[in-house]
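Contents: one structure, followed by commentary.
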Amino acid sequence: MRNTIHSVLRYSFKTRKTWWFTAIAKTKARYARTALGSFWLGISTLMTVLCLGFVYGTVFNVSNFKEYFIYLGIGLVIWTPISEAINQAPLIFITNSNSLKNSTIKPIFFVCQEWAFQVQSFMQAFIMVFIVFLIFSPGLVLNLVAAPLHFFNLLLFIFWLQLLISLLGTKFTDLFQLLPIITNLLFLLSPILYVKKSLGSFGFIADFNPIYQVLKLLRNSIIYGLPYFQLGFIVLIGNLIMLFLSIYVYTRMERKVIFYL
Amino acid sequence: MINKSNLKVEPIIELENVTLQIPLMSKSDFSLKRKIIKSVTGGGFTRSKDNSFVTALNSVNLKVYKGEKIALIGHNGSGKTSFIRLISGIYQPTLGSLKISVKVYPMIERSFIVEEQLSGVDSAKAHYLMMNNSLKGFQDFLEDITEFSGLGDYIFLPLKTYSEGMSARLMFSLLTYKNHECLALDEGLGTGDREFYDKAQVRLNDFLDSSGSLFIASHSTELLRRFCLRGIVFSGGNLIFDGNIEEALDFYEKYHS
């Protein structure tokens, strides 16, 4: 088992330049005909924050709009790669079936490529939104010191979640239809548009939502500058366990994936 | 041409009673609902279609030695492409033993790695990275590709602006740039327009001549005779003949008729 997990990790590392490049190429292709290119990643997030901020800020009767915009903006930027990773994962092997059937490229390559695509999109959107927020709240830049562990947790979380869903989604094609519904529900159940105390006695829903736990630690470390080391390490351990578990499932299913396509 | 007496004794590829079964997935195999019902009812609710499969290769025994150039002969659906996928590592045998000590490079149906909104340069870069895991030497590669394909400045334009012939020329140039220790080619490589054909033939000949070991699956007896000394004939997933190329072609002709 160890050798197989090791060989998956080794292959992923060996081909890192290729999947990183093809992920960049995917972004370039997506925005090839636009004047602003990948700037749209940040612009679309900022526009969403602006619209939702005014509407829900008014609905929830927030007292400080500046703080609410930052809370909502950072939360949305972190939520986007998570939901995109979940929703796109079932299609990873299907959209690359030609390459999988006719070349020696391993399925994990395309999972890494999709992960790199989500990471690159996230980084571009995050940098742009963060720079805009710095204009209103320059102190945020110092808070970044508290965030590296939680950034790392987010990247790990997206990877194993995507890997696991891509394997399940290839076999159970219903998942592709089901997952967008689940992610929408999770979005509404996670304190992103609102603060946790608004859930009242239903606050436990957020406590048992693993996506929210990853999101919350990163968002709060950036907004409040608190490192949350203890919780961060617990999430890290959970992520590492799930990473190895998902790679193990992959090693068991790698040879079968091609037959589902 | 290869002299068999000079070949190493140890085979580079060895198949012993190799069977490849491709499972046929029914709609119920992909159904989450059915899996949930099955788990809830403890397997009481099942269908007996779980074991449906196609036998793509059946008890194949074969030894291939270094430097051998082998023709894969058979009608469509006889098992040639499955055999290429098997020795390339795309498929794993269901039964039997498969030992391979070389990296087999398959050329089956190829398409550009990047999307068509991107340029020929991007496509070449992705292909080069895939082959080498690094961009060291990429400029020389790009110059060779650009010159040989005759694309000129079109190499900087998006792939979607290419004609079918231009795409085929670029694809051919990318695929035949590097020699391989063991190459498995399924049918000929498209070469695009007529004026490129002669140039491509010379390169294809050099490319195939210089590959260490070679498998060619083709219906062109001219191509098979040009490059291969040995021929194996497939029918319905069974290896039914293995021998000299002329004998193999004669056998196939008689068998087929």
Side-chain angles (χ1 to χ4, degrees), chain A residues 7 10-34 37 90 94-107 109-110 113 117 165 168-179 182 251 253-261, chain B residues 20-25 27-36 53-54 56 81-82 84-85 87-94 103-119 121-123 125-136 138 158-160 175 184 186:
Chain A
S7 69
R10 196 175 52 188
Y11 176 82
S12 304
F13 183 75
K14 192 179 153 195
T15 55
R16 68 195 182 281
K17 287 181 182 169
T18 314
W19 49 257
W20 189 260
F21 172 77
T22 51
I24 293 172
K26 198 176 161 186
T27 309
K28 270 173 76 179
R30 181 173 286 189
Y31 298 100
R33 295 186 64 193
T34 63
I94 295 162
T95 51
N96 293 292
S97 62
N98 192 40
S99 296
L100 286 169
K101 285 178 184 172
N102 298 318
S103 75
T104 52
I105 303 173
K106 293 182 188 296
F109 175 90
F110 296 106
Q113 179 188 279
F117 175 72
I165 296 173
L168 294 172
T170 308
K171 185 165 184 184
F172 305 112
T173 44
D174 298 295
L175 271 183
F176 178 62
Q177 305 299 328
L178 188 64
L179 286 171
I182 293 174
T251 60
M253 285 185 70
E254 189 192 59
R255 293 173 181 185
K256 295 176 191 163
V257 163
I258 196 166
F259 298 128
Y260 298 131
L261 302 174
Chain B
L20 172 67
Q21 292 173 334
I22 297 176
L24 290 175
M25 301 296 174
K27 205 175 172 184
S28 63
D29 291 315
F30 295 95
S31 169
L32 193 60
K33 185 183 80 182
R34 199 167 291 277
K35 286 282 172 189
I36 292 168
F53 52 79
V54 166
T81 306
S82 295
I84 288 178
R85 286 187 174 134
I87 59 170
S88 309
I90 298 169
Y91 286 154
Q92 301 294 323
T94 314
K103 191 176 177 186
V104 181
Y105 185 78
M107 284 192 182
I108 310 173
E109 259 180 59
R110 301 310 293 252
S111 54
F112 294 113
I113 300 166
V114 297
E115 292 170 50
E116 61 169 13
Q117 288 90 340
L118 297 177
S119 69
V121 175
D122 288 323
S123 174
K125 196 178 273 187
H127 187 87
Y128 191 82
L129 276 167
M130 198 64 86
M131 302 280 289
N132 302 289
N133 296 314
S134 143
L135 283 176
K136 196 178 173 187
F138 174 68
L159 295 168
K160 67 177 181 181
L175 293 177
D186 193 7

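To find a chain, count down the sequence lines: A is the first, B the second, and so on, and within it residues start at 1. Atom set for the values below is all heavy atoms of this structure, side chains included, hydrogens, waters and symmetry mates excluded. Treat the numbers as computed from the prediction; the structure is a model and nothing was measured.
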Side chain, backbone, both or neither of [X] within contact of chain A (heavy atoms, under 4.5 Å):
X      : answer
B:L118 : side chain
B:K103 : neither
B:Y91  : side chain
B:I113 : side chain

On a heavy-atom basis, which atom in [X] and which in [Y] lie closest, and how many Å separate them?
X      : Y      : answer
B:A126 : A:T18  : O-CG2, 4.2 Å
B:R85  : A:N102 : NH2-OD1, 2.7 Å
B:M130 : A:I105 : CE-CD1, 3.4 Å
B:L129 : A:F21  : CD1-CB, 3.5 Å

> Is any side-chain heavy atom of A:K17 closer than 4.5 Å to a side-chain heavy atom of B:N133?
Replying inline: no
>> Tell me which of these, A:R16, A:K101, A:K28, has more heavy-atom pairs under 4.5 Å with chain B than the rest.
In response: A:K101
What distance do [X] atom [atom1] and [Y] atom [atom2] have between them, rounded to the nearest 0.5 Å?
X      : Y      : atom1 : atom2 : answer
A:F259 : B:Q21  : CZ    : CD    : 9.5 Å
A:S99  : B:I90  : OG    : CD1   : 10.0 Å
A:R30  : B:E115 : CZ    : CD    : 8.5 Å

> Which of these passes side chain to side chain contact (heavy atoms under 4.5 Å, CB included) with B:Q92: A:K256, A:E254, A:R255?
Replying inline: A:R255
> What residues, two or more places apart in sequence or in another chain, satisfy side chain to side chain donor-acceptor pair (under 3.5 Å) together with B:T81?
Replying inline: B:D186
> Among B:P158, B:G89, B:P106, who wins on heavy-atom pairs under 4.5 Å with chain A?
Replying inline: B:P106
